[in-house]
2 protein chains.
Amino acid sequence: MQDRLTTLFKAVADPTRRDIFHALVIASSALSITQISNQFEMTRQGVTKHIKTLEDAGLVYLDTKGRERFCNANAKPLKELSKWMTFYEQFWDNSLDNLDHFLNTSKDA
Amino acid sequence: MQDRLTTLFKAVADPTRRDIFHALVIASSALSITQISNQFEMTRQGVTKHIKTLEDAGLVYLDTKGRERFCNANAKPLKELSKWMTFYEQFWDNSLDNLDHFLNTSKDA
DNA sequence: TACTTTAGCAACCACAAAGTTGCATATTAA
DNA sequence: TTAATATGCAACTTTGTGGTTGCTAAAGTA
């Protein structure tokens with residue numbers, strides 16, 4: 001449906017999802033859906049949807065045990081976002097590129 | 001309305017927007033709205049909206065000259081996204097964290 | 001002064017997304 | 001076996017978003 005980069009960016013574009021992901025990353029053990037729900041002012045079903053989105057992006061993987069589903073964070077996919085940004089790093093500082101734009105568009109005014 | 005990180009992530013979460021941004025970054029000179037529209041199969045107004053979103057995120061700045069508005073890319077804000085990811089880098093490889101989760105949740109089954 | 005080009009603005013449409021409620025089902029505990 | 005807990009699934013509401021069409025205004029050109 002949509003490319004991987006888009007799926008990944010959209011997953012982390014939501015603040016609640018970033019919070020859930022962060023909570024999972026720093027958690028000392030995997031957290032069940034209900035445990036996560038208790039930490040957020042949202043219904044369990046709401047959390048479930050976010051987890052699904054994070055799972056689709058590969059940022060979370062589930063571990064079913066009995067009636068519970070434990071959520072684990074997986075930061076690896078973030079590498080892909082980082083890689084995408086690499087190309088633009090060269091334009092971050094003292095942007096010669098921007099200067100170039102300026103010269104090309106403002107000079108002959 | 002929404003935090004800066006969210007604005008930024010949402011701006012680059014759209015593939016068309018990433019394409020426009022990329023086109024501006026690699027362009028040898030600033031491009032007018034119409035010039036950009038010609039490169040994308042979309043109406044000028046559609047492009048204008050994307051430019052607005054990119055501008056709000058600080059990834060594009062406008063340079064009005066006469067009746068034209070030249071768009072320039074500014075990659076600097078991407079630094080903020082990169083900074084956000086920095087924290088998670090420690091969990092990228094041979095994730096001790098994930099191992100920890102595994103041990104805590106699968107051991108006493 | 002007319003005509004053309006560049007663009008903004010507003011309204012509108014279709015669909016995605018965040019979040020909810022309600023209900024059914026499976027697993028564990030009493 | 002009965003009750004409680006953890007979850008999934010479906011439907012629904014609200015709001016956001018990508019994109020369009022139509023119209024207006026400003027700037028450049030003939």
- Query: Can you check whether B:L62 reaches B:C71 side chain to side chain, under 4.5 Å on heavy atoms?
  - Reply: yes
Mind checking salt bridge (Lys or Arg N to Asp or Glu O under 4.0 Å) for A:D19 and listing every partner two or more places apart, or none if nothing turns up?
->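 A:D19 satisfies salt bridge (Lys or Arg N to Asp or Glu O under 4.0 Å) with no residue once adjacent residues are dropped.
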Spacing of [X] atom [atom1] relative to [N] atom [atom2], expressed in whole Å:
| X | N | atom1 | atom2 | answer |
| --- | --- | --- | --- | --- |
| A:I51 | C:dA18 | CD1 | P | 13 Å |
| A:E68 | D:dT5 | CD | P | 12 Å |
| A:I33 | D:dC9 | CD1 | C1' | 14 Å |
| B:L31 | C:dA7 | CG | C1' | 16 Å |

Interatomic distance, CG@A:L31 vs CD1@A:I36, rounded to 0.5 Å, equals 5.5 Å
Taking it one step at a time, do B:Y88 and A:H22 satisfy ring pair (Phe, Tyr, Trp, His ring centres under 6.0 Å)?
CA-CA 9 Å; B:Y88 304 102; A:H22 191 77; 5.7 Å; yes
Quick one: does any side-chain atom of A:N72 pair with a main-chain N or O of A:Y61 as donor and acceptor, under 3.5 Å? yes
Worksheet item: For the side chain of A:T7 and the backbone of A:D3, is there at least one donor-acceptor N/O pair under 3.5 Å apart?
Response: yes
Write out a two-atom table: protein N or O, nucleotide N or O from nucleotides 27-30 of chain C, distance below 3.5 Å.
unit_1, atom_1, unit_2, atom_2, d
C:dT27, O2, A:R67, NH1, 2.9

Residues B:A11 and B:R17: closest non-hydrogen pair is O-NE, 2.9 Å
Given protein heavy atoms under 4.0 Å, the one-letter contact record of nucleotides 14-24 of chain D, with B base, S sugar-phosphate only and - none, is simply ---SSBBBB--
Carefully, step by step, assess A:T53 and A:D56 under the rule side chain to side chain donor-acceptor pair (under 3.5 Å). CA-CA 5 Å; A:T53 304; A:D56 290 344; 5.7 Å; no
